[in-house]
Amino acid sequence: MSAGLNLAQQEAVNYLHGPCLVLAGAGSGKTRVITHKIARLIQAGLAPRRIAAITFTNKAAAEMRERAKGLIGRQAKEVVVCTFHALGVRMMREDGKVLGLKPQFSILDADDVTSILKDAAGGTADAATARQWQWVISKWKNMGLNAEQAMALAADDNERVIARVMQLYQERLAAYQSVDFDDLIGLPLKLLKDFPEVRAKWQAALGHVLVDEYQDTNATQYEVLKHLVGERGRFTAVGDDDQSIYGWRGATLDNLKKLPVDFPQLKVIKLEQNYRSTSAILRAANNVIGPNPKLFPKTLFSELGEGEPVRVVDADSEEHEAERAAARIMGLRETSQHKEWRHFAILYRANHQAKPFEKALRKYNIPYKVSGGTSFFDRAEIRDLCAWFRLWVNNDDDPAFLRAITTPRRGIGHTTLAKLGEFGAKYRLSLFASLFSASLPGMLPERAMDGLREFGRYMNDLEYRARQTMGAEAALAFLMEWLKEIGYEQHLLEGEDSEKVAAARWGNVIDFCDWMSQRCGGQIDDASGANPVLANETKSLMEVAQTISLLSTISEREQDQDVVTLSTLHASKGLEWPHVVLVGVTEGMLPFKLDDDGGRQKMVSDETAQRLQEERRLMYVGITRAQRSLAVSWTRRRKKGREMVAVQPSRFIAEMALDKETTREDPREKLRALRAEFAKKALAGTAAAAAAERL
Ligand code: ATP
Ligand code: MG
């Protein structure tokens with residue numbers, strides 16, 4: 001088992017019976033320690049299902065399961081590899097009844113939450129206010145406060161208003177048998193803390209818990225971990241304080257500081273060799289992170305040789321920058337040993353920056369995917385379908401009810417729905433249950449009643465059929481029939497001015513149905529982590545529908561495609577590519593708008609200083625994704641509204657302290673690009689030639 005591990009890594013992998021923290025810089029093999037340790041634990045006799053490996057995203061979970069499979073084969077399927085949220089879902093499906101939750105509770109997304117908040121406040125709030133409330137309520141929940149406690153601690157009238165809204169919001173969630181994302185951590189913690197028998201059950205069930213990207217856990221997640229492992233503390237956490245980039249979402253480095261205090265027997269292991277990047281890249285990374293205060297001193301070295309110098313590329317505009325990035329990728333693909341598109345990534349600070357790069361890549365027929373941006377699952381058509389599934393799973397999910405009954409429209413108007421809502425509120429019934437109540441007919445005209453009843457019956461019928469439908473083929477047939485019955489394609493055609501857009505959306509729907517049904521089939525790995533143990537059994541469509549609410553960030557569909565990755569820096573965490581182009585590296589973008597004056601002023605507020613440090617860590621994360629080559633690019637001008645404004649290169653470029661001679665773009669690159677474009681001519685035609693002229 002020691003193959004491919006250095007001594008320090010082996011030590012971490014072989015330390016099985018107590019708490020272990022691996023603290024090390026980027027690319028030093030922390031994630032590798034986790035996968036090898038899973039194998040080691042199994043070798044030492046621990047049943048795979050008693051091992052939980054917690055990752056930061058569903059995608060990372062899928063990748064880890066894949067890597068574990070490479071080491072231990074089929075047994076990897078039984079290991080619980082998932083995010084904290086997915087583990088929370090599992091715990092609540094099994095044990096949520098002690099909190100009054102039925103196993104088929106619904107998971108609300110951010111949009112549902114906003115509309116419930118607006119509604120709870122009597123419809124008086126606009127969307128921006130509701131989102132601000134949502135932010136505050138989420139913060140309180142992450143601090144472990146309930147509405148009552150929040151009210152007691154409220155500092156001013158505004159906070160008192162929000163605490164009151166939180167109270168109403170929580171009542172609605174209970175009535176809808178629904179939870180929000182914060183509850184997926186908060187409620188499992190409550191289960192573990194307040195119910196000794198539940199705690200004992202989970203502590204016995206899990207023999208070892210491994211946590212990747214530990215530096216980005218929040219206080220509640222830490223508490224969950226602590227209660228899961230109990231006093232024996234059989235866990236392995238790996239992390240890097242220099243890569244903590246979710247402070248804005250409540251992640252706290254205190255979790256690193258707490259470990260040795262809460263677990264005095266903690267074994268701390270440091271890794272110093274970076275196996276990912278060349279020395280040139282690593283030096284730039286170390287220089288950038290240098291000014292940040294250190295939690296633990298670290299040194300990182302690479303034996304991969306000096307490599308290509310890090311390039312700084314400037315451009316006149318974002319379009320120009322995108323052209324240059326595309327040309328660089330085409331050139332490197334031609335001249336380096338990396339011939340596949342998947343070897344390249346373009347990374348940026350914010351989602352909206354992707355656009356010009358998408359356009360440039362399309363222009364040259366370079367296949368790409370956008371990750372960390374608007375997910376497939378955030379598309380309106382997919383969310384429409386999901387609303388129906390949610391309602392099958394949980395009839396009390398009122399937000400899903402409202403979306404399903406109006407999509408496509410079936411002649412049931414707002415007045416009818418408002419009346420139904422009043423009735424439900426009065427008798428404390430969900431909308432779906434209200435519709436079957438014997439006292440409802442007196443309140444509504446007959447025609448409206450007929451429409452509602454018909455919808456209710458149809459829904460019950462679907463639910464019944466979904467329960468009976470097993471296996472991929474049957475599931476796909478069922479889904480297509482259902483879409484025909486409700487006239488969904490027609491609905492898309494009517495809702496879109498452009499037929500092309502409607503067709504693309506319908507294509508997404510087909511894609512989604514295909515994917516859903518495959519999950520019923522039993523051949524596909526369950527990469528969501530939502531149902532890790534059941535991964536390979538044949539499932540009913542209903543069972544699959546139960547897990548989809550969690551999949552909003554999943555990107556397993558995109559795996560294994562030979563495409564260039566476009567990604568935000570946040571979503572690039574933990575990943576690596578041979579060639580990386582870091583774009584939009586200007587003041588105001590990276591670091592993102594700070595209220596200082598570009599670092600010239602000495603007195604910056606504490607908060608600004610902290611934000612700057614987090615931005616610097618983000619830059620460090622970006623640089624350290626690159627294995628063989630790195631280019632950092634910036635534009636002299638950027639669009640701001642309709643105007644073009646002048647912008648400065650990021651201070652982080654200077655902080656990389658690159659050798660002046662090497663920062664300028666390699667003149668050979670132009671040649672490479674031209675050559676590459678020449679080769680591509682057949683595909684891209686005159687567009688490539690035009691681009692070459694601009695370089
Ligand atoms: P990050 O901080 O970015 O999450 P990490 O510390 O988790 O990085 P890994 O992703 O585990 O690092 O490893 C980085 C790269 O180095 C991977 O390609 C991995 O396979 C390789 N690697 C790690 N350890 C070794 C080793 N002992 N021998 C050879 N290659 C290694
Ligand atoms: Mg890692």
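None of the values given here were measured: they were computed from a predicted structure. Basis for what follows: all heavy atoms, side chains included, without hydrogens, waters or symmetry-related copies. Whatever order the structure lists ligands and atoms in, that order sets their numbers, starting from 1.
- Side-chain contact check for E576 versus R625: every heavy-atom pair is 4.5 Å or farther apart.
- Centroid-to-centroid, the aromatic rings of Y620 and F652 stay 6.0 Å apart or farther.
- With hydrogens and angles left out, the side-chain atoms of N274 and S28 include no donor and acceptor closer than 3.5 Å.
- The shortest heavy-atom contact between R628 and H338 is CG-CE1, 3.9 Å.
- Between D240 and ligand 1 there is no heavy-atom distance shorter than 4.0 Å.
- In this structure, a donor-acceptor pair under 3.5 Å is present between the side chains of S633 and E321.
- Ring geometry, F263 versus F235: the interplanar angle exceeds 60°, so the pair is classed perpendicular (tilted spans 30 to 60°).
- Of the heavy atoms in Q273, none comes closer than 4.0 Å to ligand 1.
- The aromatic rings of Y348 and F357 lie parallel to each other, their planes meeting at an angle below 30°, with 60° marking the opposite boundary.
- When each atom of ligand 1 is checked for a heavy atom of R625 under 4.0 Å away, the hits are 3 (O).
- Rounding to the nearest 0.5 Å gives a distance of 14.0 Å between CD of Q43 and CD1 of I38.
- Atom 5 (P) of ligand 1 has as its closest protein heavy atom K30 N, 3.4 Å.
- Distances shorter than 4.0 angstrom do not occur between any heavy atom of K573 and any atom of ligand 1.
- For atom 13 (O) of ligand 1, the nearest non-hydrogen atom from the set S572, G29, S277 comes from G29.
- Selection from E303, E63, H36, E576 by nearest heavy atom to atom 18 (O) of ligand 1 gives E576.
- Scored by the salt bridge (Lys or Arg N to Asp or Glu O under 4.0 Å) test, R67 finds E63 as partners (sequence neighbours excluded).
- Among protein heavy atoms, atom 29 (C) of ligand 1 sits closest to Y275 CD2, 3.6 Å.
- Every heavy atom of T624 sits 4.0 Å or more from the atoms of ligand 1.
- Ring centers of H570 and Y246: under 6.0 Å apart, within the cut-off.
- Closer than 2.8 Å to the Mg ion (ligand 2) sit the protein N, O or S atoms T31 OG1.
- Protein heavy atom in closest approach to atom 26 (C) of ligand 1: G4 O, 3.3 Å.
- For ligand 1, the polar-atom distance check against Q627 finds no nitrogen or oxygen pair separated by under 3.5 Å.
- When each atom of ligand 1 is checked for a heavy atom of G574 under 4.0 Å away, the hits are 4 (O).
- Here's the thing with R67: none of its N/O atoms is less than 3.5 angstrom from an N/O atom of ligand 1.
- R276 NH2, 3.1 Å is the protein heavy atom nearest to atom 10 (O) of ligand 1.
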**OP:** Carefully, step by step, assess Y222 and D262 under the rule side-chain hydrogen bond (donor to acceptor under 3.5 Å, both in side chains).
**Re:** CA-CA 11 Å; Y222 176 65; D262 290 350; 2.7 Å; yes
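- With F56 as the aromatic partner, K573 meets the cation-pi criteria of under 6.0 angstrom to the ring centre and within 45 degrees of the ring axis.
- Looking only at heavy atoms of the protein, atom 20 (O) of ligand 1 is closest to R32 NH1, 2.8 Å.
- Proximity of T31 to ligand 1, defined as any heavy-atom pair under 4.0 Å, is shared by backbone and side chain alike.
- Side-chain contact, T217 with N255: a donor N or O sits under 3.5 Å from an acceptor N or O.
- The distance criterion of under 3.5 Å between nitrogen or oxygen atoms is met by G27 with respect to ligand 1.
- Using modelled atom types, no side-chain atom of K267 and backbone atom of Q265 make a donor-acceptor pair closer than 3.5 Å.
- Side-chain contact annotation: R616 with Q613, donor-acceptor N/O pair under 3.5 Å absent.
- For ligand 1, the atoms lying closer than 4.0 Å to a non-hydrogen atom of N6 are 27 (N).
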